[in-house]
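Computed from heavy atoms alone, side chains included, the values below leave out hydrogens, waters and symmetry copies.
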Amino acid sequence: MKQETPSLQQLLNSAGIKRRFEELLDQSAPSFISSILTIVRSNNKLQDCSPNSILSAAGIAAALKLPINPSLGFAFIVPYKGHATFQLGFKGFVQLAMRSGQYRTLNSGAVCEGQIKEIDFVTGEIIRGEKISEEIVGYVAYMELLNGFKKSLYMTIAELQQHAEKYSQSYAYDLRSGRKTSVWSTNFDAMAKKTVLKKLLSNFGIISIDQRSADLATALQADQAVITDEGFRYIDNERGEEKVVPFSDVIDLPEADEPEESDETNTEEKND
């Protein structure tokens, strides 16, 4: 006889799952668990996702100690083809980088026409100009480390659109169908700010396995992934990196095939 797959509520009510979230979040665990249920109940597509994928995505956010309340913009649980993916917001990248204690300044934002005069092809230094219109022509990210190292990265609107079409199947679908279903279509500004900052940190940031930088390294790998027992699986892009880091090396949430009976968890709380 086939064993019935436990529901998300049953998984969250199991003693092992509760204990692991308490180990990660201490007294904040109950409110975090409550926020998981609230987010799922307010999103019909998430309700169609496998409970284990929802739990795993939430587990990464908990391990990184980032709230998943959509309105805060730190981390998100995003549905895609029956799976819940973990996604880091712009604020999440900033938070994790600043926690490392090695960044003096970190920012990204829109660039209007005329604000960039030219970019030195040797040093990559951006030479500022004067804004001549309100038209947004690209996005820039900037970082400065405490040791004095500085770096910036600029991408035009066209480059960002090409990036989105290549790495997001849902955005490519929007372009083909004329619909707006992906975050790239509904909130291009937020995704553009995140993308330039992520590329800057990936290429020039301090990404190491020491305690202070490990969370940022994990977040860069987990972003936009379905978290499986084998590793991070990217299903909405062309990267094809099926196994990057074993999930058990990051958070190791226990199995909960036989959840214990428990009282209903109260839910109250608030995406990118």
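Side-chain contact check for Phe149 versus Glu144: every heavy-atom pair is 4.5 Å or farther apart. Using a 4.5 Å heavy-atom cutoff, the side chains of Ile116 and Val137 are not in contact. Between Tyr103 and Leu216 the shortest side-chain heavy-atom distance falls below 4.5 Å. Residues Tyr139 and Ile157 form a side-chain contact, since some pair of their non-hydrogen atoms from C-beta on lies under 4.5 Å apart.
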Open item on the list: Go through it in stages, so that I can follow the logic: the residues are Leu8 and Leu12, the test is side chain to side chain contact (heavy atoms under 4.5 Å, CB included), and I'd like the CA-CA distance, side-chain angles, deciding distance and then a yes or no.
Closed with: CA-CA 6 Å; Leu8 178 63; Leu12 291 172; 3.9 Å; yes
- [ ] Before giving the answer on side chain to side chain contact (heavy atoms under 4.5 Å, CB included), spell out for Leu46 and Asn44 the whole-Å C-alpha distance, their side-chain angles and the decisive distance to 0.1 Å.
- [x] CA-CA 5 Å; Leu46 269 180; Asn44 291 333; over 6 Å; no
Open item on the list: Run the side chain to side chain contact (heavy atoms under 4.5 Å, CB included) test on Leu72 and Leu66 for me, step by step, so that the C-alpha distance in whole Å, both residues' side-chain angles and the decisive distance to 0.1 Å come before the verdict.
Closed with: CA-CA 10 Å; Leu72 297 179; Leu66 292 174; over 6 Å; no
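Under a cutoff of 6.0 Å and an axis angle of 45°, Lys193 and Phe90 form a cation-pi pair.
For Asp215 and Lys65, the salt-bridge test fails: no basic side-chain N is under 4.0 Å from an acidic carboxylate O.
Put simply, the side chain of Ser108 never gets that close to the backbone of Ala141: no donor and acceptor are under 3.5 Å apart. A donor-acceptor pair under 3.5 Å is absent between the side-chain atoms of Ser185 and the main chain of Thr181, judged by distance alone. Here the side chain of Asn203 pairs a donor or acceptor atom with the backbone of Lys199 at under 3.5 angstrom.
Checked by atom type, the side-chain pair Asn52/Ser50 shows no donor-acceptor distance below 3.5 Å. Checked by atom type, the side-chain pair Gln9/Asn13 shows a donor-acceptor distance below 3.5 Å.
Linking Ile, Leu, Val, Met, Phe, Trp and Tyr residues whenever their side-chain heavy atoms come within less than 4.5 Å places Met191 and Ile136 in a single cluster.
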